[in-house]
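Each chain gets a letter, A, B and so on, in the order the sequences are listed, and its residues count up from 1. Any value given below was found using the heavy atoms of this structure, including those in side chains, with hydrogens, waters and symmetry copies removed.
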Number of protein chains: 2
Amino acid sequence: MAAKASRKPLSRQRVLAAAVGLADAQGIQALTMRRLAAELDVEAMSLYYHLRDKEALLDGVVETVIAEIVAAVGRLEANGGRTDWRTRLRQQFLTARDVMLRHPWAPVLLGSRRTIPADVYTYYDEIVGTLVAAGFSYHLAHRALHAFGSLPLGFAQELFSPASAGGSMEDDAAEADAAAMAETLPHLTAMMAAEIHDAADPTLGWCDGQVEFEFTLDLLLNGLERLHG
Amino acid sequence: MAAKASRKPLSRQRVLAAAVGLADAQGIQALTMRRLAAELDVEAMSLYYHLRDKEALLDGVVETVIAEIVAAVGRLEANGGRTDWRTRLRQQFLTARDVMLRHPWAPVLLGSRRTIPADVYTYYDEIVGTLVAAGFSYHLAHRALHAFGSLPLGFAQELFSPASAGGSMEDDAAEADAAAMAETLPHLTAMMAAEIHDAADPTLGWCDGQVEFEFTLDLLLNGLERLHG
DNA sequence: ACCTGAACACCGTTCAAGT
DNA sequence: ACCTGAACACCGTTCAAGT
């Protein structure tokens with residue numbers, strides 16, 4: 001599937017990188033010990049030399065993705081001069097989202113893990129630092145963290161089409177025909193009609209993940225700005 | 001584990017109810033065809049008479065939980081007289097949360113499904129109806145839906161301790177001792193200290209899921225109120 | 001109509017053994 | 001130090017068969 005580097009000896013790092021690649025290419029349900037081993041030209045049991053068990057593998061995979069996000073955000077810091085807290089956090093979260101879009105299975109996986117990688121704490125610590133430096137009380141900063149949820153990692157809290165980036169509700173609802181839908185879902189139908197009518201390109205006007213993400217983000221940032229006044 | 005109703009014949013409904021119960025009691029990873037069958041005093045293969053396969057089982061389980069939420073919200077409507085859109089949605093989302101807290105595995109499960117139960121669309125249709133009746137444009141209502149994410153179903157978008165309702169970050173971070181933590185996570189440490197100091201009961205003052213949920217919810221509702229002016 | 005036994009493919013994991 | 005073969009327990013699923 002991928003070009004195989006053949007006979008370099010395995011390592012935890014190489015195993016985890018291959019695991020992320022496998023999940024990206026085939027979906028998270030394809031990430032089994034046996035298939036991962038095959039991908040690495042090795043027997044399944046060899047993996048147990050580098051990782052305690054599958055739980056450790058999944059923890060390592062989450063860790064790897066988080067590290068990728070944190071690194072991307074870190075590179076931002078390097079250039080990014082002095083800006084106000086709002087545009088700073090905004091940039092960070094949007095950068096995180098860029099990375100996350102390459103690993104659409106990651107939000108659900110992270111959500112199902114019991115332990116959180118240490119990197120995440122470091123990252124959230126910086127966010128608190130940014131807020132407090134801008135004059136937030138610790139109390140409001142704390143509330144802000146909870147309100148952000150996993151937005152700082154680039155996860156939209158979208159209900160619809162959580163697995164794919166682009167699609168949305170019409171894909172699912174399209175099964176029922178338009179007339180029936182107009183009857184049972186009058187407001188959603190009217191909403192879609194109004195949105196499509198307004199949009200320049202009717203095929204693209206409905207549900208743009210990037211636009212929605214930024215809207216939600218700004219809604220939260222502006223709300224916090226008001227509270228901290 | 002549960003009292004068994006012995007020899008009444010199975011049905012899709014009974015199977016799904018048992019599945020929800022099993023997930024509640026033992027966690028979602030305990031929900032296997034074989035264990036579920038055992039719980040129902042039946043062989044695993046019998047389940048296939050009522051459900052096509054495990055995917056259909058999981059879809060049915062999600063469906064069942066959603067139906068429970070929608071029903072609870074529906075009972076609200078019965079009494080609830082005329083109120084403004086904000087308190088109305090607020091009540092609905094908080095009611096949904098009450099139900100959801102009894103099925104802490106549900107958010108992750110729903111997030112991993114490809115198809116969304118029809119009930120969800122009906123529910124979100126009502127939300128759009130409420131917003132539009134209050135004077136929202138369809139465009140803003142659309143944005144609002146995305147911003148809400150799964151809040152209407154009572155899901156907090158909490159990053160920490162997604163599986164349990166009460167716990168939070170200190171549980172995980174407590175492994176490292178306080179001194180080391182103060183060094184690597186100065187802002188979070190200071191934040192915790194400030195919060196605990198302010199709280200009446202120091203053991204309860206940190207991370208109250210209910211309070212945080214309501215804060216986030218109000219942040220969004222107030223932000224939307226401003227935009228719709 | 002409703003349930004089952006035997007069988008198969010695939011999974012995670014242990015353990016003792018190879019180089 | 002790093003990898004493997006054989007074996008086990010558990011999983012989802014098919015199929016032909018029972019009542």
Residues B/Arg34 and B/Glu43 bridged, charged N to O under 4.0 Å: no

Nucleotide C/dC3, atom C1' - distance to CG of B/Leu47 in whole Å: 11 Å

Nearest-angstrom distance from the residue atom CG of A/Asp53 to C1' of C/dT13: 9 Å

Rounded distance (Å) that lies between atom P of D/dC10 and atom CZ of A/Arg34: 15 Å

Sugar-phosphate only, base, or nothing, as touched by A/Met33 at under 4.0 Å among non-hydrogen atoms: sugar-phosphate

Distance below 4.0 Å between B/Ser46 side-chain N/O and C/dC2 OP1 or OP2: no

B/His187 side chain to A/Glu126 side chain, donor-acceptor N/O pair below 3.5 angstrom: no

Salt bridge flag under 4.0 Å for residues B/Glu195 and A/Arg143: no

Spacing between B/Glu55 atom CD and D/dT13 atom C1', to the nearest angstrom: 13 Å

Distance test, side-chain N/O of B/Thr32 to OP1/OP2 of D/dC11, below 4.0 Å: yes

Phosphate-side-chain proximity, B/Arg35 and D/dC11, N/O vs OP1/OP2 below 4.0 Å: yes

Base paired to D/dT14 (Watson-Crick or G-U; both N/O distances under 3.5 angstrom): C/dA6

Closest listed nucleotide, where the reference is the side chain of B/Lys54 and the choices are D/dC3, C/dC3, D/dT13: D/dT13

B/Arg113 bridged to B/Glu55 by N-O distance under 4.0 Å: yes

D/dC3 OP1/OP2 closer than 4.0 Å to side-chain N/O of A/Tyr49: no

Whole angstrom value for the distance that separates P of C/dT14 from CG of A/Leu51: 13 Å

CD/A/Glu183: more than 12 non-hydrogen atoms of other groups inside 6.0 Å: no

Between C/dT13 (C1') and A/Leu36 (CG): distance, integer Å: 15 Å

Residue-phosphate contact under 4.0 Å: A/His50 side-chain N/O, D/dA1 OP1/OP2: no

Gap between atoms CE and C1', on B/Met45 and D/dG18 respectively (whole Å): 15 Å

A/Leu31 CG to C/dC11 P, straight-line distance once rounded to whole Å: 11 Å

